[in-house]
Amino acid sequence: QTYKPVGEVKDLAFDARDRLLLGTFAGVENVEDEAIGWPGRCCVCIATLDEDVFAAALDGELALLKSAQDLAWTAPLPADRAQCLAASNDVVVVSTRLGSVVAFTNGSERWAQKLHEDDDGGGTYVIIHNNICYAAGGGAWAAFSLETGAPIIQGILRPRRCRGLGAAASNVIAAVEAGDSDDAPGRRGE
(Lines give C-alpha, C1' and ligand atoms only; values in the text may rest on other atoms or scores of the structure.)
Protein backbone atom coordinates (compact mmCIF):
# COMPACT_ATOMS: atom_id res chain seq x y z
CA GLN A 1 0.00 0.00 0.00
CA THR A 2 1.26 3.48 -0.84
CA TYR A 3 0.30 6.64 1.04
CA LYS A 4 1.07 10.15 -0.17
CA PRO A 5 1.32 12.35 2.92
CA VAL A 6 0.05 15.91 2.94
CA GLY A 7 3.24 17.19 4.59
CA GLU A 8 6.92 16.30 4.35
CA VAL A 9 7.58 13.25 6.56
CA LYS A 10 9.87 13.89 9.56
CA ASP A 11 9.19 10.76 11.71
CA LEU A 12 6.95 7.70 11.92
CA ALA A 13 5.60 5.29 14.55
CA PHE A 14 3.10 2.46 14.90
CA ASP A 15 0.40 2.53 17.58
CA ALA A 16 -0.95 -0.42 19.59
CA ARG A 17 -3.28 -1.40 16.72
CA ASP A 18 -0.38 -1.40 14.22
CA ARG A 19 -1.60 1.76 12.51
CA LEU A 20 1.13 3.80 10.86
CA LEU A 21 1.32 7.40 12.06
CA LEU A 22 3.55 10.05 10.48
CA GLY A 23 4.98 13.21 11.97
CA THR A 24 4.90 15.71 9.09
CA PHE A 25 4.91 19.43 8.34
CA ALA A 26 1.09 19.17 8.26
CA GLY A 27 0.73 17.58 11.73
CA VAL A 28 0.35 13.94 12.78
CA GLU A 29 -1.02 12.01 9.82
CA ASN A 30 -2.96 8.81 10.41
CA VAL A 31 -2.33 6.71 7.31
CA GLU A 32 -5.28 4.33 7.94
CA ASP A 33 -8.06 6.92 7.69
CA GLU A 34 -6.03 9.80 6.22
CA ALA A 35 -6.89 12.08 9.15
CA ILE A 36 -4.52 14.75 10.43
CA GLY A 37 -4.21 15.41 14.15
CA TRP A 38 -2.83 18.71 15.47
CA PRO A 39 -3.11 20.19 11.93
CA GLY A 40 -0.85 22.98 10.78
CA ARG A 41 1.96 21.97 13.13
CA CYS A 42 5.37 20.79 11.93
CA CYS A 43 5.79 17.61 13.98
CA VAL A 44 9.51 16.77 13.88
CA CYS A 45 9.26 13.64 16.03
CA ILE A 46 6.52 11.39 17.36
CA ALA A 47 6.17 8.45 19.74
CA THR A 48 3.20 6.24 20.54
CA LEU A 49 1.97 4.57 23.72
CA ASP A 50 -0.98 2.27 23.07
CA GLU A 51 -3.20 4.49 20.90
CA ASP A 52 -1.92 7.79 22.28
CA VAL A 53 0.51 9.87 20.21
CA PHE A 54 3.14 12.22 21.61
CA ALA A 55 4.31 14.83 19.09
CA ALA A 56 7.00 17.51 19.28
CA ALA A 57 6.56 20.51 17.02
CA LEU A 58 9.35 22.49 15.39
CA ASP A 59 8.31 25.61 17.32
CA GLY A 60 9.09 23.98 20.69
CA GLU A 61 5.86 22.46 21.91
CA LEU A 62 5.10 18.89 23.02
CA ALA A 63 1.57 17.51 22.76
CA LEU A 64 -0.36 14.40 23.70
CA LEU A 65 -3.00 13.48 21.15
CA LYS A 66 -5.48 10.87 22.35
CA SER A 67 -6.04 8.34 19.57
CA ALA A 68 -4.06 10.60 17.20
CA GLN A 69 -6.85 13.16 16.98
CA ASP A 70 -7.95 14.81 20.25
CA LEU A 71 -5.47 17.15 21.90
CA ALA A 72 -5.15 16.21 25.60
CA TRP A 73 -2.35 18.59 26.66
CA THR A 74 0.62 20.62 25.47
CA ALA A 75 3.87 21.60 27.19
CA PRO A 76 6.76 23.90 26.22
CA LEU A 77 10.10 22.32 25.33
CA PRO A 78 13.66 23.62 25.81
CA ALA A 79 14.69 26.35 23.39
CA ASP A 80 16.50 24.09 20.91
CA ARG A 81 14.68 21.77 18.50
CA ALA A 82 13.31 18.41 19.64
CA GLN A 83 15.25 15.50 18.14
CA CYS A 84 13.69 12.33 19.56
CA LEU A 85 10.80 11.11 21.76
CA ALA A 86 10.33 7.96 23.83
CA ALA A 87 7.27 7.01 25.92
CA SER A 88 6.62 4.42 28.60
CA ASN A 89 3.77 4.14 31.10
CA ASP A 90 3.04 7.71 32.25
CA VAL A 91 6.35 9.26 31.15
CA VAL A 92 7.40 10.77 27.82
CA VAL A 93 11.06 11.78 27.38
CA VAL A 94 12.19 14.36 24.84
CA SER A 95 15.77 14.92 23.67
CA THR A 96 16.92 17.99 21.76
CA ARG A 97 19.66 18.66 19.23
CA LEU A 98 21.75 20.49 21.83
CA GLY A 99 21.64 17.77 24.51
CA SER A 100 18.69 18.52 26.75
CA VAL A 101 16.81 15.46 28.01
CA VAL A 102 13.44 16.28 29.61
CA ALA A 103 10.79 13.93 31.03
CA PHE A 104 7.10 14.87 31.28
CA THR A 105 4.11 13.36 33.05
CA ASN A 106 0.62 14.63 32.14
CA GLY A 107 2.08 17.73 30.49
CA SER A 108 4.21 18.74 33.49
CA GLU A 109 7.99 18.52 33.60
CA ARG A 110 9.09 15.59 35.78
CA TRP A 111 12.88 15.99 35.49
CA ALA A 112 15.53 17.44 33.18
CA GLN A 113 19.18 16.66 32.48
CA LYS A 114 21.81 18.12 30.16
CA LEU A 115 23.77 15.41 28.32
CA HIS A 116 26.04 17.76 26.35
CA GLU A 117 26.22 21.32 25.04
CA ASP A 118 27.82 20.73 21.65
CA ASP A 119 25.97 20.66 18.33
CA ASP A 120 27.96 18.08 16.37
CA GLY A 121 25.31 17.85 13.64
CA GLY A 122 24.00 14.50 14.81
CA GLY A 123 21.61 15.48 17.58
CA THR A 124 20.65 13.62 20.75
CA TYR A 125 18.59 10.44 20.79
CA VAL A 126 16.66 8.75 23.62
CA ILE A 127 15.01 5.40 24.26
CA ILE A 128 13.33 3.89 27.28
CA HIS A 129 14.35 0.31 28.00
CA ASN A 130 13.65 -1.70 31.17
CA ASN A 131 12.41 1.45 32.97
CA ILE A 132 15.67 3.32 32.27
CA CYS A 133 16.09 6.31 29.94
CA TYR A 134 19.16 6.02 27.70
CA ALA A 135 20.47 9.06 25.82
CA ALA A 136 23.35 9.49 23.35
CA GLY A 137 24.72 12.36 21.29
CA GLY A 138 27.32 15.12 21.21
CA GLY A 139 30.10 12.75 22.21
CA ALA A 140 28.36 11.54 25.37
CA TRP A 141 25.99 8.80 26.48
CA ALA A 142 24.13 8.22 29.74
CA ALA A 143 21.49 6.16 31.48
CA PHE A 144 19.01 7.99 33.74
CA SER A 145 16.42 6.76 36.23
CA LEU A 146 13.06 7.10 34.49
CA GLU A 147 11.42 8.03 37.80
CA THR A 148 13.81 10.73 39.04
CA GLY A 149 16.23 11.51 36.21
CA ALA A 150 19.18 10.66 38.43
CA PRO A 151 22.22 9.57 36.39
CA ILE A 152 22.92 5.84 36.63
CA ILE A 153 25.98 5.72 34.40
CA GLN A 154 27.63 8.09 31.91
CA GLY A 155 30.37 7.79 29.34
CA ILE A 156 32.09 9.18 26.27
CA LEU A 157 30.68 8.31 22.84
CA ARG A 158 33.29 7.66 20.15
CA PRO A 159 32.80 8.42 17.35
CA ARG A 160 30.87 11.30 18.83
CA ARG A 161 28.09 11.89 16.28
CA CYS A 162 25.03 9.76 17.14
CA ARG A 163 22.42 8.91 14.49
CA GLY A 164 20.06 6.69 16.51
CA LEU A 165 19.53 4.38 19.49
CA GLY A 166 17.89 0.97 19.75
CA ALA A 167 17.49 -1.86 22.25
CA ALA A 168 17.27 -5.62 22.00
CA ALA A 169 17.09 -7.93 25.02
CA SER A 170 19.56 -6.44 27.52
CA ASN A 171 21.61 -4.48 24.95
CA VAL A 172 21.37 -0.81 24.05
CA ILE A 173 22.88 -0.03 20.66
CA ALA A 174 24.00 3.36 19.31
CA ALA A 175 24.44 4.06 15.62
CA VAL A 176 27.30 6.52 15.28
CA GLU A 177 28.82 8.30 12.33
CA ALA A 178 32.56 7.77 12.04
CA GLY A 179 34.86 10.73 11.54
CA ASP A 180 34.89 14.19 13.05
CA SER A 181 32.58 17.11 12.43
CA ASP A 182 34.70 18.26 9.48
CA ASP A 183 34.00 15.05 7.57
CA ALA A 184 31.19 14.92 5.07
CA PRO A 185 27.94 13.72 6.75
CA GLY A 186 27.10 10.10 5.99
CA ARG A 187 30.65 9.25 5.02
CA ARG A 188 30.62 5.96 6.89
CA GLY A 189 28.92 4.54 9.98
CA GLU A 190 29.73 2.15 12.78
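- Listed here is the closest heavy atom pair of P159 and E177: CB-O, 3.3 Å.
- A donor-acceptor contact closer than 3.5 angstrom links the side chains of E61 and T74.
- Using a 4.0 Å cut-off between charged nitrogen and carboxylate oxygen, E51 and K66 do not count as a salt-bridge pair.
- Side-chain N or O atoms of S95 include one that pairs as donor or acceptor with a backbone N or O of T124 at under 3.5 Å.
- Using modelled atom types and a 3.5 Å distance limit, the side chains of Y3 and E34 yield no donor-acceptor pair.
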- Run the numbers on D59 and R41 for salt bridge (charged side-chain N to carboxylate O under 4.0 Å, His left out), then give the verdict. CA-CA 8 Å; D59 65 1; R41 303 305 300 266; 2.6 Å; yes
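- For the pair L157 and W141, the tightest heavy-atom approach, listed with the atom from each and the gap, is N-CD1, 4.0 Å.
- Of the inter-residue distances, the one linking L65 atom CG with F54 atom CZ reads 10.0 Å to the nearest 0.5 angstrom.
- Judged by distance alone, with hydrogens and angles left aside, the side-chain atoms of E29 form a donor-acceptor pair with the main-chain N or O of G7 at under 3.5 Å.
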- Task: Begin from the C-alpha positions of V31 and R19 and carry the test side-chain contact (heavy atoms from CB on, under 4.5 Å) through to its verdict.
- Result: CA-CA 7 Å; V31 173; R19 291 181 300 189; over 6 Å; no
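- Q83 and T96 share no side-chain donor-acceptor pair at under 3.5 Å.
- Within the 3.5 Å criterion, the main-chain N or O of D52 finds no donor-acceptor partner in the side chain of D50.
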- Does the salt bridge (charged side-chain N to carboxylate O under 4.0 Å, His left out) test come out yes or no for E147 and R110, once each step is laid out? CA-CA 8 Å; E147 292 300 313; R110 185 176 192 147; 2.6 Å; yes
